[in-house]
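The structure appears below as structure tokens.
Starting from 1, each residue takes its place in the sequence as its number. Only heavy atoms go into these numbers, but all of them, side chains included; no hydrogens, no water, no symmetry mates.
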Amino acid sequence: MLSKGEDWARAGEAWAEFATTLNASGAEPPQVREAWEQSATAYIRAGDDEAAATSRANAENPPPGT
């Protein structure tokens, strides 16, 4: 069974993948930003500050062409 931290880490990964997909498909910037912010929140709950910081940075400035 996964710990709560592992569950939140997986949720962070899933939101990050979703944000990347939204960005690549040309979704509206607010939608992409929200997905990255959800990723950051999940990573914070998992205790992974580094991944949360990366997601926050991507929310501010999504990587081009991803």
Side-chain angles (χ1 to χ4, degrees):
M1 183 166 202
L2 295 175
S3 72
K4 287 182 183 180
E6 290 171 325
D7 286 345
W8 283 115
R10 287 190 177 184
E13 290 172 15
W15 277 108
E17 288 178 17
F18 183 55
T20 300
T21 300
L22 285 172
N23 193 36
S25 68
E28 294 294 320
Q31 291 177 312
V32 177
R33 189 170 25 259
E34 176 64 23
W36 280 118
E37 290 171 359
Q38 291 293 330
S39 174
T41 298
Y43 280 130
I44 288 168
R45 290 182 177 187
D48 190 342
D49 294 335
E50 185 176 334
T54 299
S55 289
R56 273 194 225 107
N58 286 332
E60 302 273 326
N61 188 18
T66 58

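A9 and Y43 get closest at one heavy-atom pair: O-CE2, 3.7 Å. Of all heavy-atom pairs between P63 and N23, the closest is O-ND2, 2.8 Å. Considering all non-hydrogen atoms of both residues, R56 and A40 come closest at CG-CB, 3.8 Å.
Q38 pairs by the side-chain hydrogen bond (donor to acceptor under 3.5 Å, both in side chains) definition with E34, not counting sequence neighbours. Checked against side-chain hydrogen bond (donor to acceptor under 3.5 Å, both in side chains), E37 has no partners two or more places apart in sequence or in another chain. The side-chain contact (heavy atoms from CB on, under 4.5 Å) check on E50 picks up D48, with sequence neighbours excluded.
Listed for the S39 side chain is no donor-acceptor partner under 3.5 Å among the backbone atoms of A35.
Grouping the Ile, Leu, Val, Met, Phe, Trp and Tyr side chains by contacts below 4.5 angstrom, directly or via other members, places F18 with V32.
Looking at heavy atoms from C-beta onward, T20 lies in side-chain contact with W36 at the 4.5 angstrom threshold.
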